Amino acid sequence: MPVKSFREAINEALRQEMERDSNVILIGEDIAGGHGGIEGGIGSTGSMFGALKGLYDQFGASRVIDTPISESAIVGAAAGAALTGLRPVAELMFMDFFGVCFDQIYNQAAKFRYMFGGNCSVPMVVRGAVGAGYGSAAQHAQALWPIFSHVPGLKVVLPSNPYDAKGLLIQAIRDDDPVMFLEHKVLYNEKGEVPDEPYSIPFGEANVTRSGEDVTVVAFGRMVGFANDVADKLRQEISVEVIDPRTTSPLDMEMIIESVEHTGRLLVVDEANPLCGMCSEVISNVAIESIGALKVAPEKLSAPHTPVPAAPNLEELYIPSRDRIESSIRKLMVS
Amino acid sequence: MPVKSFREAINEALRQEMERDSNVILIGEDIAGGHGGIEGGIGSTGSMFGALKGLYDQFGASRVIDTPISESAIVGAAAGAALTGLRPVAELMFMDFFGVCFDQIYNQAAKFRYMFGGNCSVPMVVRGAVGAGYGSAAQHAQALWPIFSHVPGLKVVLPSNPYDAKGLLIQAIRDDDPVMFLEHKVLYNEKGEVPDEPYSIPFGEANVTRSGEDVTVVAFGRMVGFANDVADKLRQEISVEVIDPRTTSPLDMEMIIESVEHTGRLLVVDEANPLCGMCSEVISNVAIESIGALKVAPEKLSAPHTPVPAAPNLEELYIPSRDRIESSIRKLMVS
Amino acid sequence: MSASLDKNTALRGYEIMKTIREFETRIAAEYAAGTVPGMTHLYIGQEAVAAGICVHLSNADSTASTHRGHGHCIAKGCEIGPMALELFRKEGGICKGKGGSMHIADVSKGMLGANAIVGGSAPLACGAALTAKTLGTQNVSVAFMGDGAANQGTVFESMNLAVVLKLPVIFVVENNGYGEHTGVDYHVGSKDICSRSAAFGMPAKKIDGTDFFAVSAAMAEAAALARAGGGPTTLECCAKRWHGHYEGDPQAYRAKSELEELRRDADPLIIFRSKVSAAGDVSVAELDSLDAKITQQISDAVDVALRAPQPAPAELLTDVYASY
Amino acid sequence: MSASLDKNTALRGYEIMKTIREFETRIAAEYAAGTVPGMTHLYIGQEAVAAGICVHLSNADSTASTHRGHGHCIAKGCEIGPMALELFRKEGGICKGKGGSMHIADVSKGMLGANAIVGGSAPLACGAALTAKTLGTQNVSVAFMGDGAANQGTVFESMNLAVVLKLPVIFVVENNGYGEHTGVDYHVGSKDICSRSAAFGMPAKKIDGTDFFAVSAAMAEAAALARAGGGPTTLECCAKRWHGHYEGDPQAYRAKSELEELRRDADPLIIFRSKVSAAGDVSVAELDSLDAKITQQISDAVDVALRAPQPAPAELLTDVYASY
Ligand SMILES: Cc1ncc(C[n+]2csc(CCOP(=O)(O)OP(=O)(O)O)c2C)c(N)n1
Ligand SMILES: Cc1ncc(C[n+]2csc(CCOP(=O)(O)OP(=O)(O)O)c2C)c(N)n1
Ligand SMILES: [Mg+2]
Ligand SMILES: [Mg+2]
């Protein structure tokens, strides 16, 4: 199978969906780039993380729409366009910018279907980069998926690898509901096998990335790779099952519970802040549904309740590490 | 002790703090009201829920500041004023409007102290009405405290009665960090004993509103009164301990865990949506810290994962009820 | 009657205005009687704006509305029966009773919803205009908003975006004198709203919003420009509301005499009647019989709504997602 | 040299500009060498704006800045040593290494922070101005923002709020030709930024942002107006950036020749030197010795910063709350 980067997978998903369906448009800041500059410069940016390179050249200004720095107008325009027949994919560049436009996401797009009694669809995607590890500090490095997952009407996607990124983004575009599509900035250069043809991965279906008997590790986003590495390292000693939910809303608790019923031990690893986050959500659901299956108290590994620090050494401490995943697993086995 | 409404308690807290400290100012839409209308009309509104009545008359336009409908400017101005020496209390009217101005709350006010290495204070309060039960539908009836609690740097206050409302608001104003102060709109007319003199209630200290032996019920905001009623009703049969955390961040898990260690049974009741909410937070913490103390699986009662419906009968179903609290308690006792 | 307006269009305008007036008058009475749940904001006094704008729109054109949205919904073709059911939050409501007064919508009619968030309409209307532009349909969209909404960042952003992308959107700012209990002279620093729009680089006009023909004429021009690819326009339509901000508002901020003057001098229905009878195009009898038909229709609709059952409990959990 | 400006002020302006230039030139080199973590946006080319504005401010006046904030921080009096440590995210940094390039702040100097959110500065500056107005201090505040930021809703809201409340705030829009990789002619629909401010009801001027004296003169007037209770002003200062949007930006959107022209014709330092030498007020030798002092100071500061230790691990958990 061809090997592609996470960035290329995103690009391919967008390109193939735009080829398939002329109602799919892209809108955001510098997703083409170069407007108002020299001749020939338009399209040279292809979004700040380079994931949209070439799409302007292929689809032109009517489908790859550069905007002023006006996120409420961008996301609201996407919502209005979605209500009236397009399938817009809006880009927020860094998802941290949602704070200036959240109303159009959470009060508008997410609620239309319910408020209008089901008589509409809002098939839109809001893409943006998330996560720490890039030295981009407090306002450009947040996880945020717990906030989005809290909101009824939104679906929240957090791919951990190139294969999933392509399949989930295609699903997001075809989905008839508003989808928050979160791209971990540290993963953009990650490579993996990605089929050339279009395919979609359904939402709410977790992926077992490592099968195991002794401990269930539920990991989100970038943490999936870390958990896999630790599982591989410990293989001779401890049999670790790693579950990647892939979407945080809907959240595939069924598969998680099935696994915990089997292993009796649970670690949840997430890069987001701890209060009202995914770790709490997963652990509480397991406690409610399967407390009897737990042989020991579940473990939680998340970022601390602090903003993301700028200093690289502090940022590294902020993010859950392979070492801490390993210690947590060992702790579960000992107690 | 004098009996006052929740609304009067809020009013008194603001008035007394403004009398004590001339740096305390109020800013928001129609918190005075009547500007640009007939003579004598200014101050006639006193905020849309009437909680600020009389404050304009007493403190004048320089300390009770009416603004255009521009929430980002309002909250950002409060943050900038807080950085430079004032203690602003900004009002968002309905907290649901946070979506148009969340950046100034979560990326700015909440993060300044950390991003600036501790060399500043942001002593501001953002007040707003929350909660369903008023027929105000999807965009005017949300709970939202799980979202705010997720954000490091914010403190989140959710008073359940007039006494706490006064003491917690005074604490919020004196606090050197940004505080989200959430007033449940159904509680405004609730009455209770409220001392005339100023007093403050520290954050992060839960209140045991009913002592009991058999079941611990952690209830938030308006649900505290429901839980108290059920505890009273069941007194002869089941001994229910009710805990009101009063602030969702910081969250007094110590007291909750102490109680669960004693009762061995836990129900968490919250009006907010369920995913990544307070119920999940409390239950997961208990599972991590004291799984051995739990005699049965914990119970969770929250709103469903839906927006708030407009129809009164649906809204009533949306909000956890005394009946459902009772059933959950009975279920805990049976199993 | 305006030269450019045919008789049928004018009559359609009158019918809209009268329907709004009658519907809301009845709702006000019901609200006072305690039968209407939640908050309600009435549009009475501003009828000529919704009518003058929407007579130029088809179902394929879009409008995004406000918390004071009944008038826009009626003008855009939402059916009275389901609207009444929605206001009482009953089964069969236009939103199944799940939206209420501030969320009435019928996307099939191009009505993208009332909106309880001030300033929420403008970005959405840009989106509908973007659809029109992208698909090359020559449809237009209208963002209704109040004078107070005109201070929201979302609105300014939308105006610039619309100019930059040459979107076929018309920003209709209904200057009704107040945002909640605050006068426009206080909350708009420039003492003029349309000049701010003009500064964004689009045509912008101030219009007497009590005169159906004035609004209609301005809209005809704006819509034609937009349909021809000429981009956005702002129309600041001045017409005060007769009721309080919400039903129950004590209105300490304005004089009783202001209300008396409005009813006397600024009634869009009276102004319409006097204009058409001066021109001799429409007979008084014609209008009177329209009035009677409308009164009956609304009385029937509200009576049905009052008796209708509440939504089925299972409705609580549906319509969150297309499928989940 | 401008008639209204004394020699010391002019020299202070030059010192600021030279410090910015030297500091950022060194940072650019370090960035290329890979020693600077994270993203960095350089201010070179725009020095006259920060200098011309801030020579009129004391520590009691406030400024709120942008992602391109080094120049504003230096001009507002932030110390170079701790700034350098912060850029390298080291112990002793002005924010203890926890903020980095986009969050440099020193509230004791009235520098309320660089800001990684475009448009974030304007509401904050309104707040500082509100403090001044409420306490009657006659202090002023400055909101720095770019041409791209001028399209943010937060900025428009702030402008109207400032007019409504007559806040002593000056909106300094640095039109450097681009927002990221998009030209201002594309993203600003009106082809002019200051006219939009004027439409909000405040004085607004377009100024050559490469000319320290022009900026200073306009700011002197704006600050005097604000201090006298006359409310806000907008100054649109035009000066292109010489570097990319961020260090490493390939800049495919502009011609190499543009950069050459800028260095030749639009260097704020050269322009300053030619103006003062024409006027005969300041000797070349004076400026040269200032240059030498600054170069040494920055070299020392960066050398110290490069060798400094990272923050202590315990710092991860401090400064979230005053006390918790
Ligand atoms: C973002 C937001 N802020 C505040 C409100 C509360 N609110 C509802 S209506 C209103 C006044 C709106 O004034 P205007 O736009 O002039 O419309 P009008 O009521 O006069 O029709 C306000 C402040 C809201 N719904 N949304
Ligand atoms: C709210 C928000 N949107 C987008 C960005 C990404 N971004 C960072 S700088 C920038 C361009 C800003 O342009 P301008 O205001 O002209 O400032 P300049 O970079 O030219 O100094 C953008 C879009 C951001 N940081 N914040
Ligand atoms: Mg109004
Ligand atoms: Mg710029």
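Every chain is numbered from 1 and lettered A, B, ... according to where its sequence line falls, protein lines coming before strand lines. Keep in mind that what you see is a predicted model, and the values were worked out from it rather than measured.
- No side-chain heavy atom of Glu315(D) sits under 4.5 Å from any side-chain heavy atom of Pro309(A).
- Looking at every heavy atom in both residues, Ala137(A) comes nearest to Gly99(D) through CB-O, 3.6 Å.
- Across Pro311(D) and Asn313(A), no two heavy atoms sit closer than the pair O-ND2, 2.8 Å.
- Of the atoms belonging to Tyr318(A), heavy atoms from both backbone and side chain fall under 4.5 Å from chain D.
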Quiz item: side-chain contact (heavy atoms from CB on, under 4.5 Å) between Met48(A) and Tyr246(D): does it pass, once the steps are laid out?
Solution: CA-CA 11 Å; Met48(A) 275 302 166; Tyr246(D) 50 83; 3.9 Å; yes
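- Between the side chain of Tyr178(D) and the backbone N or O of Gly34(A) there is no donor-acceptor pair closer than 3.5 Å.
- In Glu79(D), the CD atom is not crowded: 12 or fewer heavy atoms of neighbouring residues, nucleotides or ligands sit closer than 6.0 Å.
- With Leu317(D) as the fixed residue, the side-chain contact (heavy atoms from CB on, under 4.5 Å) test singles out one of Thr306(A), Leu314(A), Leu317(A): Thr306(A).
- Crowding of Glu261(D) atom CD: a count of heavy atoms from other residues, nucleotides or ligands under 6.0 Å exceeding 12.
- Remark: the backbone N or O of Gly135(A) is paired with a side-chain donor or acceptor of Arg89(D) at under 3.5 angstrom.
- When all heavy atoms are compared, the tightest approach of Leu316(D) to Pro304(A) is CD2-CG, 4.0 Å.
- The CG atom of Asp147(D) lies 7.5 Å from the CD1 atom of Ile69(A); values are rounded to the nearest 0.5 Å.
- The two residues Gly100(D) and Ala310(A) come nearest to each other via the heavy atoms N-CB, 3.6 Å.
- Ranked by heavy-atom pairs under 4.5 Å with chain A, the first of Pro37(D), Ala150(D), Gly177(D), Gly148(D) is Gly148(D).
- Interface remark: Ala312(D) contributes backbone atoms only to the contact with chain A (heavy atom separation under 4.5 Å).
- Listed options Gly97(D), Gly93(D), Gly189(D) were ranked by heavy-atom pairs under 4.5 angstrom with chain A; first place goes to Gly97(D).
- Ser44(A) and Tyr253(D) make their closest contact through OG-N, 4.4 Å (heavy atoms, listed as atom of the first residue, atom of the second, distance).
- With a threshold of 4.5 angstrom between heavy atoms, Asp249(D) does not approach chain A through any atom at all.
- Contact of His140(A) with chain D is made through the side chain alone, with heavy-atom distances under 4.5 Å.
- Taking CD1 of Ile117(D) as the start and CD of Glu71(A) as the end, the distance is 8.5 Å to the nearest 0.5 Å.
- A 6.0 Å sphere centred on CZ of Phe49(A) holds more than 12 heavy atoms belonging to other residues, nucleotides or ligands.
- Counting heavy-atom pairs under 4.5 Å between each of Pro68(A), Ala141(A), Cys101(A) and chain D puts Pro68(A) at the top.
- For chain A, the option among Pro313(D), Gly179(D), Gly153(D) with the highest count of heavy-atom pairs below 4.5 Å is Pro313(D).
- For the atom pair Ser47(A) OG and His181(D) NE2, the distance stands at 10.5 Å (nearest 0.5 Å).
- Heavy-atom pairs under 4.5 Å with chain A peak, among Glu258(D), Glu180(D), His245(D), at Glu180(D).
- When all heavy atoms of Gln152(D) and Val100(A) are compared, the pair lying nearest together is NE2-CG2, 4.2 Å.
- Annotation: the span from Ser70(A) atom OG to His187(D) atom NE2 amounts to 9.5 Å, rounded to 0.5 Å.
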